[in-house]
2 protein chains.
Amino acid sequence: MNPTRRTYSIGELAREFDITTRTIRFYEDQGLLAPGRRGQTRVYSPADRVTLMLVLRGKRLGFSLAESRQLIEMYQPEGNEKQLQALLDKIRQRRQQLARQLEDIATMQRELDEAESRCVNAMQELETP
Amino acid sequence: MNPTRRTYSIGELAREFDITTRTIRFYEDQGLLAPGRRGQTRVYSPADRVTLMLVLRGKRLGFSLAESRQLIEMYQPEGNEKQLQALLDKIRQRRQQLARQLEDIATMQRELDEAESRCVNAMQELETP
DNA sequence: GGGTAAGTTTACGTTAACGTAAACGTTATG
DNA sequence: CATAACGTTTACGTTAACGTAAACTTACCC
């Protein structure tokens with residue numbers, strides 16, 4: 001009957017994702033999260049948890065919180081024609097950026113391979129003088 | 001006879017990469033660049049230019065300048081056994097991180113596809129009430 | 001020789017993303 | 001009932017990565 005029965009405390013989420021509760025509250029301050037309340041205490045739904053994961057993934061890719069907020073907005077497309085168009089544009093920009101990051105990663109992986117080779121070589125030259 | 005004849009001024013590099021000269025000097029301050037000098041004036045070699053590209057690529061992937069500095073150090077492996085081992089460890093860590101970023105990007109690309117679908121749907125529902 | 005375009009150093013200012021600490025409520029546990 | 005273990009708000013502090021501005025030198029142009 002209740003599709004989202006489980007809830008989370010701020011401490012649980014902090015432990016799960018290895019961040020501080022301060023960070024989670026800060027994200028709420030920035031409008032990235034909007035948990036429920038039981039009295040004073042924050043209560044996080046599974047959806048809130050997913051949102052948090054989204055933000056942290058964005059961080060790993062070098063996104064700012066403002067950019068992550070845009071990503072979150074993409075999950076619930078609303079507004080008039082103009083706003084939806086703007087959203088589509090943002091989606092395409094993100095795709096462009098991700099494509100570029102893929103290139104960058106590929107390049108960097110090759111360079112790491114080379115760096116490892118040089119490193120191993122340098123070690124062998126130390127062993128056999 | 002001279003393998004690296006060409007040089008660059010700070011302004012040239014700034015224009016090419018669409019950054020400010022302040023940024024380039026800041027990177028030097030942080031030990032990421034070490035250009036030559038002709039009198040007072042900084043003179044950048046092709047190698048300096050490559051280093052700069054490396055830093056900027058790192059930035060696009062969300063690396064800090066400290067991390068980029070480590071990447072640069074990987075280009076000239078030196079030191080004793082212990083230092084080289086440490087370098088190898090760092091290389092492996094970076095590879096791990098890049099692998100994770102690849103996953104993140106793949107996931108995010110799928111989500112962007114879905115977001116675009118929802119967006120297009122929302123627009124069509126506006127057109128046909 | 002007066003401008004202007006590029007370079008220089010020095011130094012204070014700013015923004016994002018939290019850290020840290022104080023001061024306080026609420027459960028629950030020995 | 002005291003003392004952890006968790007939660008809360010409020011507020012000042014910190015770090016990275018530059019921005020901005022002042023005050024100056026050097027080179028070139030007309």
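In what follows, chains are A, B, ... by sequence order, proteins preceding strands, each numbered from 1. Small disclaimer: the values here were computed from a predicted structure and weren't measured.
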For this session: Kindly determine whether A/Arg118 and B/Gln76 satisfy side chain to side chain contact (heavy atoms under 4.5 Å, CB included), including the steps that lead there.
Result: CA-CA 8 Å; A/Arg118 283 193 299 270; B/Gln76 314 289 340; over 6 Å; no

For this session: Please determine if A/Glu111 and B/Arg57 form a salt bridge, counting it only when a charged side-chain N lies under 4.0 Å from a carboxylate O.
Result: yes

Shorter than 3.5 Å, N or O on both sides, protein versus nucleotides 3-5 of chain C: list them out with atom names.
none

Exercise. Do side-chain atoms of A/Glu12 reach the backbone of A/Ser9 as a donor and acceptor pair under 3.5 angstrom?
Worked result: yes

Interface polar pairs with nucleotides 24-27 of chain C, N/O, under 3.5 angstrom:
none

Problem set entry | Interface residues of residues 30-44 of chain A with DNA chain C (non-hydrogen, below 4.0 angstrom) | none

Exercise. What residue pairs, at least two apart or across chains, pass salt bridge (Lys or Arg N to Asp or Glu O under 4.0 Å) with a residue in residues 65-88 of chain A?
Worked result: A/Glu67-A/Arg94

Between the protein and nucleotides 24-29 of chain D, which nitrogen or oxygen pairs are less than 3.5 angstrom apart?
none

Seminar exercise, completed: For A/Leu87 and A/Met74, the nearest pair of non-hydrogen atoms, with its separation, is CD1-CG, 4.0 Å

Seminar exercise, completed: Note: contacts of residues 52-69 of chain A with DNA chain D (heavy atom, under 4.0 Å) are none

Exercise. Quick one: is A/Tyr27 getting a side-chain N or O under 4.0 Å of the C/dC18 phosphate, OP1 or OP2?
Worked result: yes

Problem set entry | Worked check of side chain to side chain contact (heavy atoms under 4.5 Å, CB included) between B/Leu112 and A/Arg92 | CA-CA 9 Å; B/Leu112 283 183; A/Arg92 271 155 206 165; over 6 Å; no

Exercise. Of the non-hydrogen atoms in A/Pro77 and B/Ala122, which two are nearest, and what is the gap between them?
Worked result: O-CB, 4.4 Å

Exercise. Could you state the CZ-P distance from B/Phe26 to D/dG19, rounded to the nearest angstrom?
Worked result: 10 Å

For this session: Evaluate the criterion side chain to side chain contact (heavy atoms under 4.5 Å, CB included) for residue pair A/Leu71 and A/Lys90; output intermediate values, then yes/no.
Result: CA-CA 9 Å; A/Leu71 287 180; A/Lys90 287 178 188 174; over 6 Å; no

Exercise. Got a sec, which residues hit salt bridge (charged side-chain N to carboxylate O under 4.0 Å, His left out) with A/Arg49, two or more places apart in sequence or on another chain?
Worked result: A/Glu16

Exercise. Within the side chain of B/Gln83, is there an N or O that forms a donor-acceptor pair under 3.5 Å with the backbone of B/Asn80?
Worked result: yes

Exercise. Heavy-atom contacts under 4.0 Å between residues 9-25 of chain B and DNA chain C, which residues?
Worked result: B/Ser9, B/Ile10, B/Gly11, B/Arg22, B/Arg25

Problem set entry | Minimal non-hydrogen separation, B/Pro35 against B/Val43, with atom names | CB-O, 3.5 Å

For this session: Kindly say whether A/Ser45 contributes a backbone atom to a donor-acceptor pair with the side chain of A/Asp48 at under 3.5 angstrom?
Result: yes

For this session: Please list all pairs passing the salt bridge (Lys or Arg N to Asp or Glu O under 4.0 Å) test where one or both residues lie in residues 22-33 of chain B, with sequence neighbours left out.
Result: B/Glu28-B/Arg37, B/Glu28-B/Arg42

For this session: Provide, to the nearest angstrom, the distance between the OH atom belonging to A/Tyr8 and the P atom belonging to D/dG7.
Result: 15 Å

Exercise. So, does A/Gln101 use its side chain to make a donor-acceptor pair with the main chain of A/Leu61 at under 3.5 Å?
Worked result: yes

For this session: Please identify each residue that fulfils side chain to side chain donor-acceptor pair (under 3.5 Å) with B/Arg60, with sequence neighbours left out.
Result: A/Asp104

Exercise. Who are the side chain to side chain donor-acceptor pair (under 3.5 Å) partners of A/Gln70, not counting sequence neighbours?
Worked result: none

For this session: Considering non-hydrogen atoms only, spot the tightest contact between B/Gly58 and B/Ser68 and give its length.
Result: CA-OG, 4.1 Å

Exercise. By the rule that ILVMFWY residues connect when side-chain heavy atoms come within less than 4.5 angstrom, directly or transitively, which residues belong alongside A/Ile10?
Worked result: A/Tyr8, A/Leu13, A/Phe17, A/Ile19, A/Ile24, A/Phe26, A/Tyr27, A/Leu32, A/Leu33, A/Tyr44, A/Leu52, A/Met53, A/Leu54, A/Val55, A/Leu56, A/Leu65, A/Ile72, A/Tyr75

